[in-house]
Structures are given as structure tokens and as C-alpha cells.
Amino acid sequence: MMKYIVTYLGTGLGFAALDFVWLSLTNGRIYRPTLNPVLADQINLPAAAIFYVSYILGMVALGVVPAGRAGSLGKAVRTGAMLGAFAYATYDLTNQATLKVWSTTITLIDISWGTFATGTACGLGFLVWQAVTRRRA
């Protein structure tokens, strides 16, 4: 059980760090100029926390653990990248279909980011899984 908890935390810290840097660097240059009319003044922290907790669980369950059991870093990164592409495409394309202010540029940038960030975080999670598994053996 401990290896799952440590893997979850490692994957989560990796993803959160990547996302923090991305959002810090891009919010004012990419998102705010187009989306300002619909952006909240304050982040809804409970909603953000639920997203991170559940999305990281999905990364670990669907990407990291199966790749860890297979012993394949490449599988972790590929599966994570696919998960990120599908998840971010769902969000962005739904917004583009329903919001007046959404843009194709934001959709393409965001899907690319989700693909990269989720694939990278799953790769990091795999390395944590490997380290914990070796240590316990």
C-alpha cells in the first residue's frame, strides 16, 4: 500500500510543479487576454483540489501502475500523454463548442500542454514506482 501512496505523491508533486510553472508563465499571456470576461477573480480552491486529487489518481491508476508492473518507462509516458490529450481535449473542445470567447489557439496550446504535462508526470511517477519497488525488494 505504501508504494501506491508514495507513487501518488510523487506523480502529484511532479504534475503540480509543472502546472504551477506553466500557469504562472502563461496565464497573463495566453489565457487572460482571450478569456478575461469569463475568468473568475479568485481561484475556486475546493474545485481545483478535487481536480488535482482525482486527475492524479487517474494518472496513477491508468498510466503509472500498469507501466510500473510492465517495467516500461515508455509505456508510462505514452499512456500518460494519451490520457492528457484526451482529458484536455474534452475540456477544451467542450469549451470551444459552448463559449463565445474560446479560441482555437487556446484549444491547441492547452491540449499540447495537457499531453506533455501528463506524459511527463506519469514518467516521473513511474520512476518513483521503480525506486519504491526496488527498495522494498
Side-chain angles (χ1 to χ4, degrees):
M1 179 56 114
M2 186 56 72
K3 74 179 170 183
Y4 294 100
I5 294 169
V6 172
T7 299
Y8 178 90
L9 293 173
T11 304
L13 288 172
F15 184 73
L18 288 168
D19 218 29
F20 176 79
V21 170
W22 171 256
L23 292 172
S24 295
L25 295 175
T26 62
N27 185 46
R29 292 194 318 231
I30 295 174
Y31 300 105
R32 195 150 293 275
T34 301
L35 303 176
N36 196 50
V38 295
L39 289 176
D41 294 328
Q42 297 282 332
I43 294 173
N44 181 331
L45 290 177
I50 291 168
F51 163 73
Y52 280 101
V53 167
S54 60
Y55 193 63
I56 293 160
L57 182 61
M59 284 191 277
V60 171
L62 300 173
V64 177
V65 170
R69 290 181 178 153
S72 174
L73 174 61
K75 181 177 181 175
V77 173
R78 283 189 307 275
T79 304
M82 287 190 320
L83 174 63
F86 292 136
Y88 279 67
T90 300
Y91 171 79
D92 284 285
L93 292 170
T94 298
N95 284 338
Q96 190 169 347
T98 60
L99 298 177
K100 291 179 184 179
V101 299
W102 205 266
S103 76
T104 301
T105 300
I106 288 175
T107 295
L108 295 173
I109 289 170
D110 217 38
I111 293 170
S112 298
W113 170 250
T115 301
F116 171 79
T118 307
T120 301
C122 284
L124 292 170
F126 170 86
L127 296 174
V128 171
W129 172 276
Q130 291 292 93
V132 171
T133 301
R134 268 187 253 130
R135 184 169 292 199
R136 296 183 87 217

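When a residue number appears, it is its place in the shown sequence, counting from 1.
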Of all residues at least two apart in sequence or in a different chain, which pass the side-chain contact (heavy atoms from CB on, under 4.5 Å) check with [X]?
X    : value
L108 : T104
V21  : L25
N95  : Y91, L99, W102
S24  : F20

Not counting sequence neighbours, list each pair that qualifies as a side chain to side chain donor-acceptor pair (under 3.5 Å) and has a residue in residues 64-73. Y4-R69

Review item, side-chain donor-acceptor pairs of residues 56-67, under 3.5 Å, at least two apart:
none

In chain order, what residues pass the side-chain hydrogen bond (donor to acceptor under 3.5 Å, both in side chains) check against T120, with sequence neighbours excluded? none

Quick one: list whatever passes side-chain hydrogen bond (donor to acceptor under 3.5 Å, both in side chains) with N36, sequence neighbours left out. R32

Students should find that the hydrophobic cluster of M82, defined by side-chain heavy atoms under 4.5 Å apart, otherwise consists of F86

In short, ring pair (Phe, Tyr, Trp, His ring centres under 6.0 Å) pairs touching residues 58-79 with sequence neighbours left out are none

By the ring pair (Phe, Tyr, Trp, His ring centres under 6.0 Å) test, which pairs, at least two apart or in different chains, include something from residues 29-83? F15-Y52, F15-Y55, F51-Y55

Using atom types as modelled, flag every donor-acceptor pair under 3.5 Å from a side chain in residues 74-81 to any protein atom, sequence neighbours excluded.
from	atom 1	to	atom 2	distance (Å)
R78	NH1	G74	O	3.3
T79	OG1	K75	O	2.8

Do the ring centers of F126 and W129 come within less than 6.0 Å of each other? no

Check V101, D110, T107, I106 against Q96 for a side-chain contact (heavy atoms from CB on, under 4.5 Å) and give me the one that passes. T107

